[in-house]
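Read the structure below first, then the notes.
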There are 2 protein chains.
Amino acid sequence: MTRTSPKLQPYSQECSDCPIRHRAVCARCETDELERLEQIKFYRSFEAGQTVVWAGDKMDFVASVVTGIATLSQTMEDGRRQMVGLLLPSDFAGRPGRETSAYDVTAATDLVMCCFRKKPFEEIMLKTPHIGQRLLEMTLDELDAAREWMLLLGRKTAREKIASLICIIARRDASLQLRASDGQLRFDLPLTREAMSEYLGLTLETVSRQMSILRKEGLIVTEGKRQIIIPDFDRLLEETGDDSDGGFLV
Amino acid sequence: MTRTSPKLQPYSQECSDCPIRHRAVCARCETDELERLEQIKFYRSFEAGQTVVWAGDKMDFVASVVTGIATLSQTMEDGRRQMVGLLLPSDFAGRPGRETSAYDVTAATDLVMCCFRKKPFEEIMLKTPHIGQRLLEMTLDELDAAREWMLLLGRKTAREKIASLICIIARRDASLQLRASDGQLRFDLPLTREAMSEYLGLTLETVSRQMSILRKEGLIVTEGKRQIIIPDFDRLLEETGDDSDGGFLV
DNA sequence: CATACTCGTTGATCTATATCAAGGCAGAAA
DNA sequence: TTTCTGCCTTGATATAGATCAACGAGTATG
């Protein structure tokens with residue numbers, strides 16, 4: 001089973017020996033810091049489709065996704081929308097030092113976030129440099145992801161965009177574990193066609209058509225509307241237009 | 001002259017009371033840190049068009065733009081190119097902790113960079129948290145800029161893209177000072193049509209055509225090929241499709 | 001049980017931008 | 001001066017993807 005190549009390493013890992021199980025704060029943690037963080041943390045749950053915050057609204061916390069998927073989107077005056085961030089479990093949302101949200105934050109699926117009130121979080125950050133270091137690493141990762149995304153938006157064909165998105169989800173999705181015994185990759189596509197179109201800078205009709213084409217060509221198999229099976233990940237990867245080494249896709 | 005609105009505040013400021021005049025390291029600096037930084041810094045110059053590093057090549061320094069403009073680009077196997085970063089004076093390039101460059105770095109104009117060897121820079125960073133904090137702020141700014149750019153790439157028309165680019169350059173360009181006495185904005189467009197097309201995800205022919213249209217409509221005036229005059233910044237801003245408040249354009 | 005709503009698919013047509021092709025201008029080189 | 005070369009402009013045509021429109025399956029609602 002060659003499918004266990006580095007290409008398929010999931011992007012992020014839970015830190016299992018840490019009571020706060022998120023990339024944001026789990027690395028190199030020490031007991032007293034964790035206690036301080038524990039005191040200012042709280043959980044919020046959202047149903048699929050619910051809005052967490054609107055762009056421009058006050059956001060007095062930073063947060064880390066525990067389960068589910070959140071999206072960051074921008075909207076133009078006339079309603080055109082572009083997704084600019086896709087937050088999977090352990091990803092971080094909110095900018096220390098900024099009062100309001102710059103983006104619409106939406107729950108793409110049912111969602112649980114672990115929130116930290118911003119003021120005290122910033123204070124703790126100042127006292128414990130490694131939290132800031134961790135945040136810097138994560139932000140640099142996000143910046144690389146954003147730049148890969150820019151290549152997709154600016155230069156890829158609709159077909160390449162769809163193939164790329166499916167590969168990105170497959171790569172990052174924790175349910176990657178759901179790889180069937182025969183080497184196929186099976187997972188849930190956690191986005192509606194509309195959300196996909198907002199991610200890719202396409203219309204939802206184009207997304208639907210291209211999905212159908214990939215299906216007819218056997219590059220993907222669908223079960224129901226959301227379940228996706230990739231019979232041959234490498235073959236799909238060839239349709240993304242990316243360098244074969246996978247680059248910095250996140 | 002209402003032109004002095006916050007919309008036109010230049011993005012970054014030089015730190016004039018600091019021997020290392022770059023956003024990367026100038027804030028809150030202390031003498032001993034500066035001395036350590038001085039010891040590992042060196043300057044490199046490039047002519048317009050020269051490549052600083054190719055994607056994938058070893059890059060054992062981080063750097064800050066002193067004068068001129070550098071671009072970060074990605075190239076697909078078949079040659080399609082997308083610019084993913086535009087570095088103006090005081091902007092930072094290179095990722096601490098990464099050995100190779102993820103992008104082609106190119107001098108768009110004649111360029112001087114202030115470089116710090118990576119290893120020692122990382123060591124200094126560990127000892128002086130505020131450099132990391134500064135870097136985090138800058139990276140978050142870049143991420144916001146990248147996301148604004150994603151909206152441009154995914155959803156804007158060619159006309160809106162051109163108008164946006166001109167406004168972005170006008171906003172950020174230090175030679176903004178070159179505002180004529182009559183309230184017009186005059187500055188050098190430091191990019192070839194081809195570089196503009198790589199920035200915008202268009203072909204250079206489309207860039208040229210749309211420039212001609214904006215010119216015919218009087219939204220911009222050109223002198224020679226590079227000199228641009230914006231008679232009415234707010235009117236041009238309306239063509240960008242952005243919210244009137246300017247959002248987080250960087 | 002009927003109705004309506006959400007989400008996805010597919011078809012027909014339109015159009016913004018790409019592609020292909022030619023030519024212009026200014027500065028550099030001969 | 002002439003010739004080149006790089007950069008830009010403009011025209012003719014092609015096409016990928018958008019738009020407009022209809023419909024289908026599943027599920028919630030009254």
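Values reported hereafter were calculated over all heavy atoms of this structure, with side chains retained and with hydrogens, waters and symmetry mates removed. Proteins come first, then strands; the chains are lettered A, B, ... in the order of their sequence lines, and each starts at number 1. All of these numbers come straight from a predicted model, not from anything done at the bench.
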Geometric class of the B:Phe42/B:Phe61 ring pair [parallel <30°, tilted 30-60°, perpendicular >60°]: perpendicular

Starting at atom [atom1] of [X], determine the distance to atom [atom2] of [N], rounded to an integer number of angstrom.
X: B:Leu200; N: C:dA16; atom1: CG; atom2: P; answer: 18 Å
X: A:Gln210; N: D:dT15; atom1: CD; atom2: C1'; answer: 13 Å
X: B:Asp188; N: D:dC7; atom1: CG; atom2: P; answer: 15 Å
X: A:Glu198; N: D:dA18; atom1: CD; atom2: P; answer: 13 Å
X: B:Arg226; N: C:dA26; atom1: CZ; atom2: P; answer: 15 Å
X: A:Asp78; N: D:dT19; atom1: CG; atom2: P; answer: 10 Å
X: A:Met211; N: C:dT10; atom1: CE; atom2: P; answer: 11 Å

Hunt down any stem DNA chain C takes part in, defined as 3 or more consecutive Watson-Crick or G-U pairs whose two distances are each under 3.5 Å. C:1-30 with D:1-30

Can you tell me how far CE of B:Met196 sits from OG1 of B:Thr203, rounded to the nearest 0.5 angstrom? 12.0 Å

5' precedence on DNA chain D between B:Arg193 and A:Thr157 (nearest-nucleotide basis): B:Arg193

Can you see if the side chain of A:Thr203 gets near the phosphate of D:dA18 - specifically, an N or O under 4.0 Å from OP1 or OP2? yes

Compare side-chain N and O positions of B:Ser212 against OP1 and OP2 of D:dT10 and report whether any pair is under 4.0 Å apart. yes

Which protein N or O atoms sit under 3.5 Å from an N or O of nucleotides 20-26 of chain D?
unit_1	atom_1	unit_2	atom_2	d
D:dC20	N4	A:Glu205	OE2	3.2

